Amino acid sequence: MPETETADRYDPQAIERKWQLVWEAENTWVVANPGSPEFDASKPKSYVLEMLPYPSGEPHVGHLKTYSVGDAIAHFRRRRGFSVVHPMGYDAFGLPAENNAIQTGVHPRIATEESIAAFREQFMRWGISIDWTRELGTHEPSYYRWTQWIFLKLYERGLAHRHEAPVHWCPKDQTVLANEQVIDGHCERCGTLVELRQLEQWFFRITEYAQQLLEDFELLESWPENVITMQKNWIGRSEGAEVVFRCEELDLDFPVFTTRPDTLFGATFFVLAPEHPEVERLAAGTEHDRAVREYVNEAARATAEERAGEEHQKTGVPLGREVTNPVNGERIPMFVADYVLMEYGTGALMAVPAHDDRDYEFAKAFDLPIRRVIEGTDPEDETGGSSSTERVATAGSTLASAEPPRIGDEEGLPYSGAGPLINSGPFDGKHNREAYAEIVSWLESEGRGEPAVNFRLRDWLVSRQRYWGAPIPIVYCDECGMVPVPEDQLPVLLPDIEDFAPKGKSPLAAAEDWVRTECPKCGGEARRETDTMDTFVDSSWYFLRYLDNRNDEAPWAREVVDYWMPVDQYIGGVEHAILHLMYARFFVKALHDMDLLDAREPFANLFTQGMITRDGAKMSKSRGNTVSPAEFTERFGADSLRTYICFMGPPIKGGDWTDEGVEGIFRFLARLWRLGREVVERTESSATLAAPAGEARELLAKTHWAIDKVTRDIDPRFQFNTAISAVMELVNETYRLKDGLYENETGAAVVRFAAATAASLLFPFAPHLCSEVYEWLEGKRVWEQPWPEADPALLERDTYMLVVQVNGKLRDRIEVASDTAESELVELAKGSDNVQRHLDGKAIVKEIVVPGRLVNLVVR
RNA sequence: GCCGGGGUGGCCAAACUGGUCUAGGCAGCGGACUUAAAAUCCGUGGUCCCUUCGGGGGCAUGUGGGUUCGAAUCCCACCCCCGGCACCA
């Protein structure tokens, strides 16, 4: 046997190497798919998955946390009788590798594959229980072939389409970005201020699924509430009506979306976004023509930031035209103003200054009429037209404040509450909630409007003018137009090029030989699409490919995917709450609707971990406060590192890294190691656990307490920190009692059982050391043993500490038998000297007895 | 501004359904072992006051109120920190 048998101190490097070799040689974590001869149908399945890493340099502490948490769950589930699939791969396409290539001239594939090797090496070194036969990289042709295949399926279904639209352009990265990748007007990756450009691009119609993406939260088992809320807000569903205002002079109809059709009679002006396509035509030939042009140009130049600036100063110019309000035939003036967004609704709105803050501000600034159409003073009275998202937002804030807020003036305007209508013709006197429906059906019957739902969600822009991504499998032919690449010609391989620098178009455009191709339809000359796909496309289906990664007939076998999906536990950072998680949900829904899989949601349970900081700040190279997991693994071993990460605090929260903390865990693991050594020497493995009493029973009870505590803390709660604390308590208790127990056979057996159980319970966090210690004590492989079960009889205590309070203050503690009757508890409480002192001369007015806990005597 | 999550010893934190506030760890302090140190093992850890040294009492979970026999936990108001969204009609 290896040298670890004779080592005189805990040597993590030797132990970890030993067990990693065992797992590798025996393919311990490999699981077979249904249909294969090794498939084990006797166990229930569990798909445990951590978000796949983007390989850049070496793994950092965030990765260590994700995989430590995920691996603990995977180990725990295996030992609870599940057949666990736990794969790993790399999200290998992407900008950092490409930017590096621009600087160094080294092909991104080289740097990426070096990094993948470093990641793999570290994951092995951490001893994560991965089924490596399922490994994949999204940059491999055998993977992106199927990314392209899915693109074509979406295209066939009309879910991928190309059209011109104003899109976000990052001038630094020289590519377009999806809405989700723009944070406060800045590029998510590099932080550069983005620009708007009018371009023809590929989009996925995620908006088709907006409603389902909202409704299907119901299908999930357990997702963090905040992630669901973030997605709901992002999707931003609003209910209301579309109402058509008509410009008679130019014979133009202007539909608007409103959530408040009940306030239609209060519309006193009409506003278009500066980008609205009709603006130029409207102003042409009027005295305002020039001013409008200037304003529009100014707005185009201004950044999103400037437009939404804190001052909220309302600006705009009149158009010199009027539209007719369909409900009362009134002609109201038109304006252009940048507080109206082209991206939302129709890019035009009816302004109701009396009942909308923004319209009110604008009206004040331009001295426009303000007409109140709803009476009332209670701002909290819910209006009939509030959207579902607004309801989410205001729930819980139903305090009845005495004074309505007076943002505007003495009349309490703008007023956003409910009440009876006034100045509303035939609807006067009706409550606005009632009028809402009537006005909408009236509009409908007149053909001037209809009920409508609006979403904030935009279609997903997937084209990127970059090299290092999956080519979009489309060909342009002068004769046939846009032609999808036939399935049997996939993958469209990424050609090798020399110059990766973006020039406003994809670097692929320079690969002339590659671009020039044959039209699959007519055989004539054609050109390839030179844009590549957003890397979020790659990561939207990788969890399906893991399940059948070697299939070269299809992206996956239906039987296999339907067996394993959905992912039972998904683990990753909360920073993916919107982007990745929503895109993956969309993909699974679209694939489901194409009858390619059963699942409707990819991830049944989601766990989002908090971020680890150091010195209270986010780790970054520029700050110089990064932690190198590789370095700490060298110093303390993977077990210490992984256990420390899980012990810092609840994994859902962040935590501040300290080197001393890792050392503390290392000391604890060494303590368990020494306990194991000592117990092996001092006890016989054959000893039986026969009816222990006294301290032996005490230790046995503590052991069962720890089993119970660790079990409950791991699974439903993800409270790994308290689970580990419980094992520490067990180890401490064993140290305290062991010397008195070695003497007799039963005592020795209990000590041995306690030590083995500590190793067994800590195994999900420190798998190598625990395999070692458990093998010494039990001669078995701990991962093959079922998770221990607590004996309920041993969880019951014979006696407990009765707390005695007088007027709710602690006055004594008395050890009593667990089955003591209530009346006797009171007598015992009254018998306490210290209690007597506090009762002194006073009358007991009440006796509160909580059996198993306390007695409280209320005196006066 | 809105939404979500937080605020407990010197620090990370525990406290499940309202029932002993501070489990476990880090740092500190004391002791044992040692020529000494490291390592290890044991002990001690909110604060103030009284003590015949056995102990006893007051105050303590961001602040101020409330409900309750009893509140870190429930309710109300406020302060601070973190994350997200933000002219969405």
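Proteins come first, then strands; the chains are lettered A, B, ... in the order of their sequence lines, and each starts at number 1. This is a predicted model, so every value here is computed, not measured.
Side-chain nitrogen and oxygen atoms of A:Asn834 include at least one within less than 4.0 Å of the OP1 or OP2 phosphate oxygen of B:G57. In terms of phosphate contacts, A:Arg667 brings a side-chain nitrogen or oxygen within less than 4.0 Å of OP1 or OP2 of B:C26. Here A:Lys809 reaches the OP1 or OP2 of B:C59: one of its side-chain N or O atoms lies under 4.0 Å away. Contact annotation: A:Ser238 side-chain N/O to B:A89 OP1/OP2 distance is under 4.0 Å. Of the side-chain N and O atoms in A:Arg860, none sit less than 4.0 angstrom from OP1 or OP2 of B:C69. Note on A:Arg811: a side-chain N or O is less than 4.0 Å away from OP1 or OP2 of B:G57.
Side chains of A:Thr207 and A:Asp459: a donor on one and an acceptor on the other come within 3.5 Å.
Rounded to whole Å, the separation between the P atoms of B:A71 and B:C87 comes to 46 Å. A gap of 15 Å separates the P atoms of B:G70 and B:U20, to the nearest Å. Rounded to a whole angstrom, the distance from the P atom of B:A15 to that of B:G7 is 12 Å. Atom name C1', nucleotides B:G9 and B:C29: the rounded distance is 15 Å, in whole Å. A gap of 14 Å separates the P atoms of B:U73 and B:C21, to the nearest Å. Nucleotides B:G25 and B:C75 place their P atoms 34 Å apart, quoted to the nearest Å. Separating the C1' atom of B:G1 from that of B:U17 is a span of 37 Å, rounded to the nearest Å. Comparing the C1' positions of B:A13 and B:G46 gives an interatomic distance of 15 Å, to the nearest angstrom.
The structure places CD of A:Glu678 at 7.0 Å from OH of A:Tyr735, a figure rounded to the nearest 0.5 Å. Distance CG/A:Asp356 to CD/A:Glu361: 9.5 Å, rounded to 0.5 Å.
The distance from atom CG of A:Asp659 to atom C1' of B:A27 is 14 Å, rounded to the nearest whole Å. A:Glu660 has its CD atom 19 Å from the P atom of B:G10, to the nearest Å. Rounding to whole angstrom units, CD1 of residue A:Ile612 and C1' of B:C12 are separated by 12 Å. Distance CE (A:Met801) to P (B:C21): 14 Å, rounded to an integer number of Å. In this structure, A:Ile578 atom CD1 and B:C3 atom C1' are separated by 12 Å, rounded to whole Å. Here the P atom of nucleotide B:A89 and the OH atom of A:Tyr344 are 4 Å apart, to the nearest Å. The CG atom of A:Asn807 sits 8 Å away from the P atom of B:G70 (whole-angstrom rounding). For the pair A:Glu663 CD and B:C12 P, the interatomic distance rounds to 19 Å; values are reported in whole Å.
Checking B:A89, B:G25, B:U20 against every side-chain atom of A:Thr258, the shortest atom distance belongs to B:A89. Side-chain proximity of A:Met230 to the nucleotides B:G56, B:G84, B:U20 is greatest for B:G84.
Evaluation of the salt bridge (Lys or Arg N to Asp or Glu O under 4.0 Å) test over residues 845-860 of chain A, restricted to residues two or more places apart or in two chains, returns A:Lys830-A:Glu847.
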Protein heavy-atom contacts under 4.0 Å, written 5' to 3' over nucleotides 41-52 of chain B as B (base), S (sugar-phosphate only) or - (none), form the string SS----------
B/S/- along nucleotides 14-19 of chain B (protein heavy atoms under 4.0 Å) is SSB--B
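Aromatic ring orientation, A:Tyr10 versus A:Trp673: tilted (interplanar angle from 30° to 60°). Ring pair A:Phe257/A:Tyr344 is perpendicular by interplanar angle, where above 60° counts as perpendicular and below 30° as parallel.
The residue A:Thr658 sits apart from the nucleic acid: no heavy atom pair falls under 4.0 Å. At a threshold of 4.0 angstrom between heavy atoms, the contacts of A:His838 are confined to the sugar-phosphate backbone, with no base atom among them. Contact annotation for A:Val803: base contact, defined as any heavy-atom pair under 4.0 Å involving a base atom.
A donor-acceptor pair under 3.5 Å links the side-chain atoms of A:Asn807 to the main chain of A:Val859, judged by distance alone. A donor-acceptor pair under 3.5 Å is formed between the side chain of A:Tyr295 and the backbone N or O of A:Thr315.
Counting all heavy atoms, side chain and backbone alike, A:Thr608 lies closest to A:Ile652 at O-CG1, 3.4 Å.
Among residues two or more places apart in sequence or in another chain, the ring pair (Phe, Tyr, Trp, His ring centres under 6.0 Å) test is passed with A:His276 by A:Phe254. Applying the side chain to side chain donor-acceptor pair (under 3.5 Å) criterion to A:Trp705, with sequence neighbours excluded, gives no partner residue.
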Dot-bracket assigned to RNA chain B with the 3.5 Å Watson-Crick/G-U criterion, [ ] for crossing and | for other-strand pairs, is (((((((..(((......[....))).(((((.......))))).(((((....)))))..(((((..]....))))))))))))....
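Ring centers of A:Phe362 and A:Phe269: under 6.0 Å apart, within the cut-off.
A residue-by-residue look at A:Thr346 and A:Trp705 shows that A:Trp705 has its nearest nucleotide of RNA chain B further toward the 5' end.
A syn orientation is assigned to B:G54, its glycosidic angle lying within 90° of 0. Taking 90° from 0 as the syn/anti boundary, the base of B:G45 is oriented syn. For B:G9, the base adopts the syn conformation, since its glycosidic angle falls within 90 degrees of zero.
Cation-pi geometry between A:Arg635 and A:Phe632 is met: under 6.0 angstrom from the ring centre, within 45 degrees of the axis.
A ring-ring contact (aromatic ring centres under 6.0 Å, His included) with A:Tyr644 is found for exactly one of A:Phe666, A:Phe636, A:Trp657, namely A:Trp657.
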